Trainee: 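First, the structure itself, so that you have it in front of you.
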Amino acid sequence: MAATDRQTHWETVYTSKAEAEVSWFEGSPELSLALLREAGLTPEKSVIDVGGGASRLVDALTASGQSHLTVLDLSAAALETAKSRLADAARVRWIVADVTAWTPDRQYDLWHDRAAFHFLTTVADQQAYVRVLAQALRDGGKAVIGTFAPDGQEKCSGLPVARYDAESLQAVLGGQFTLVATRRHQHTTPWGSVQKFQFSTFEKVASANAR
Ligand SMILES: C[S@@+](CC[C@H](N)C(=O)[O-])C[C@H]1O[C@@H](n2cnc3c(N)ncnc32)[C@H](O)[C@@H]1O
């Protein structure tokens, strides 16, 4: 899918559906918070939510006093929805970008991605994502990535997805990253159907950028 088509798709989704009318909506991002805490989340850690959309993770992280928080998404409308809920939206850095074409201008301690990476179905896009991840994460930083599991759905939001377990995701991320934790997860959509996810946490090994 061309980058412009991708952006149009997601802008259309977020301008035509209410927050809780999308399958990925969750009222409280409990699993993401738990995995980020396991990955070392403390208020002073810098965190980026990639493909964060209108997710409520940013609400929970600002409420617990996260000092360096960035949310990146292709859809400006999605970020506007999230911003409009927050009393202190100005404390968050909001970036409208395609992650595969983004150039980070700083490094983060923690990278979170719930259901964005799996929309990248070409090797070129997946490799571009991994390059950006390696640039954006500090050595020793951790990435929590949630995708549909191998026995999960083949499509989301009408788009094909790539499905992963920890090993296949490790294979795509390559030797710059080491798997530190993984768990299966069942997400219940607002209309009660169940989606099978796999969440995995990877650590960026030291000096990866130098290779
Ligand atoms: C299924 S939604 C998940 C949103 C959010 N992470 C959540 O848990 O509610 C996928 C999100 O990824 C974003 N996205 C898809 N492809 C992207 C890309 N190449 N770069 C940045 N964001 C992207 C979409 O705009 C959308 O907000």
Side-chain angles (χ1 to χ4, degrees), residues 1-36 47-61 69-83 85-86 92-104 110-133 135-136 143-149 152-164 172 185-190 193 195-199:
M1 192 178 205
T4 47
D5 295 344
R6 200 142 68 193
Q7 186 152 31
T8 303
H9 173 87
W10 289 107
E11 281 296 25
T12 303
V13 168
Y14 283 109
T15 51
S16 62
K17 288 177 191 270
E19 195 191 351
E21 286 178 344
V22 294
S23 60
W24 53 92
F25 173 75
E26 54 180 3
S28 181
E30 296 303 333
L31 178 63
S32 294
L33 285 170
L35 295 175
L36 286 169
V47 182
I48 180 164
D49 189 16
V50 172
S55 160
R56 294 178 174 226
L57 182 61
V58 64
D59 308 47
L61 291 174
L69 185 53
T70 298
V71 183
L72 178 146
D73 200 277
L74 260 181
S75 167
L79 298 186
E80 283 305 321
T81 299
K83 272 187 213 177
R85 291 192 310 259
L86 296 176
V92 179
R93 189 169 175 201
W94 306 91
I95 299 176
V96 178
D98 185 324
V99 63
T100 62
W102 178 54
T103 306
L110 294 165
W111 169 289
H112 174 267
D113 172 343
R114 173 178 179 264
F117 175 70
H118 67 191
F119 289 104
L120 303 177
T121 55
T122 68
V123 171
D125 277 344
Q126 292 162 358
Q127 287 178 345
Y129 179 102
V130 175
R131 273 196 301 276
V132 174
L133 171 61
Q135 287 166 17
V144 174
I145 302 177
T147 67
F148 282 155
Q153 290 176 229
E154 294 178 7
K155 283 193 164 190
C156 178
S157 187
L159 301 177
V161 299
R163 300 172 296 170
Y164 299 92
V172 174
H185 172 67
Q186 295 203 340
H187 166 64
T188 303
T189 68
S193 58
Q195 298 183 332
K196 293 174 179 171
F197 272 78
Q198 184 90 31
F199 278 79

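Just so it is clear, the values below take in all heavy atoms, side chains as well, and ignore hydrogens, waters and symmetry mates. Whatever order the structure lists them in is the order used to number ligands and atoms, beginning at 1. None of these values were measured; they are calculated from a predicted model.
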Trainee: Report the nearest protein non-hydrogen atom to atom 20 (N) of ligand 1: residue, atom name, distance rounded to 0.1 Å.
Mentor: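 Checking every protein heavy atom, the shortest distance to atom 20 (N) of ligand 1 gives V99 N, 2.9 Å.
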
Trainee: Nearest heavy atom to atom 13 (C) of ligand 1: which of V13, L74, D73 does it belong to?
Mentor: D73

Trainee: Are the side chains of V96 and Q7 in contact, using a 4.5 Å heavy-atom criterion?
Mentor: yes

Trainee: Can you confirm whether L57 sits close enough to L33 that some side-chain heavy atom of one is under 4.5 Å from a side-chain heavy atom of the other?
Mentor: yes

Trainee: Do L35 and R114 come within less than 4.5 Å of each other through their side chains, counting heavy atoms only?
Mentor: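 They are not in contact (no side-chain heavy atoms under 4.5 Å apart), so the answer is no.
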
Trainee: What are the atoms of ligand 1, with element, lying closer than 4.0 Å to any heavy atom of A116?
Mentor: 12 (O)

Trainee: Sequence neighbours left out, what passes ring-ring contact (aromatic ring centres under 6.0 Å, His included) with Y164? Give chain and number order.
Mentor: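 With sequence neighbours excluded, Y164 shows a ring-ring contact (aromatic ring centres under 6.0 Å, His included) to F117, given in chain and number order.
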
Trainee: Mind running side chain to side chain contact (heavy atoms under 4.5 Å, CB included) on L120 and R6 for me, showing each step along the way?
Mentor: CA-CA 10 Å; L120 303 177; R6 200 142 68 193; 3.7 Å; yes

Trainee: Contact between ligand 1 and A78 is defined here as a heavy atom of the residue under 4.0 Å from a ligand atom; is it met?
Mentor: no

Trainee: Any idea which protein heavy atom is nearest atom 26 (C) of ligand 1, and the distance to it?
Mentor: Y14 OH, 3.4 Å

Trainee: Should L61 and H112 be marked as a side chain to side chain contact (heavy atoms under 4.5 Å, CB included) after you check the CA-CA gap, both sets of side-chain angles, and the distance that decides it?
Mentor: CA-CA 12 Å; L61 291 174; H112 174 267; over 6 Å; no

Trainee: Should one rank A77, G51, S55, S75 by closest heavy-atom distance to atom 4 (C) of ligand 1, which comes out on top?
Mentor: G51

Trainee: Show which atoms of ligand 1 fall inside a sub-4.0 Å distance from at least one heavy-atom site of R114.
Mentor: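 Answer for ligand 1: 3 (C), 5 (C), 6 (N), 7 (C), 8 (O), 9 (O).
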
Trainee: Report, in ascending order of atom number, the atoms of ligand 1 lying under 4.0 Å from any heavy atom of D98.
Mentor: 18 (C), 19 (N), 20 (N)

Trainee: Under 30°, 30 to 60°, or over 60°: which ring-plane class applies to F199 and H185, parallel, tilted or perpendicular?
Mentor: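 Perpendicular, since the angle between the ring planes exceeds 60°.
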
Trainee: Would you mind finding which of W24, F25, F148 brings a heavy atom closest to atom 2 (S) of ligand 1?
Mentor: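 Result: the heavy atom closest to atom 2 (S) of ligand 1 is in W24.
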
Trainee: Tabulate below the donor-acceptor pairs under 3.5 Å that side-chain atoms of residues 13-20 make, not counting sequence neighbours, or state none.
Mentor:
unit_1 : atom_1 : unit_2 : atom_2 : d
Y14    : OH     : W24    : NE1    : 3.3
T15    : OG1    : E11    : O      : 2.7
T15    : OG1    : T12    : O      : 3.4
S16    : OG     : T12    : O      : 2.6
S16    : OG     : V13    : O      : 3.4
E19    : OE1    : R56    : NH2    : 2.9
E19    : OE2    : R56    : NE     : 2.8
E19    : OE2    : R56    : NH2    : 3.3
E19    : OE2    : R85    : NH1    : 2.8

Trainee: Taking only heavy atoms of G53, which atoms of ligand 1 are found under 4.0 Å from at least one of them?
Mentor: 27 (O)

Trainee: Show which atoms of ligand 1 fall inside a sub-4.0 Å distance from at least one heavy-atom site of A97.
Mentor: 20 (N), 21 (C)

Trainee: So W111 and L72, do their side chains get closer than 4.5 Å, heavy atoms only?
Mentor: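 No. Closest side-chain heavy atoms not under 4.5 Å.
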
Trainee: What's the shortest distance from atom 24 (C) of ligand 1 to any protein heavy atom, and which residue and atom give it?
Mentor: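 The protein heavy atom lying closest is W10 CD2, 3.4 Å.
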
Trainee: Under a 4.0 angstrom heavy-atom cut-off, which atoms of ligand 1 come close to R6?
Mentor: 19 (N)

Trainee: Give the residue, atom name and distance (to 0.1 Å) of the protein heavy atom nearest atom 10 (C) of ligand 1.
Mentor: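 Answer for atom 10 (C) of ligand 1: A115 O, 3.2 Å.
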
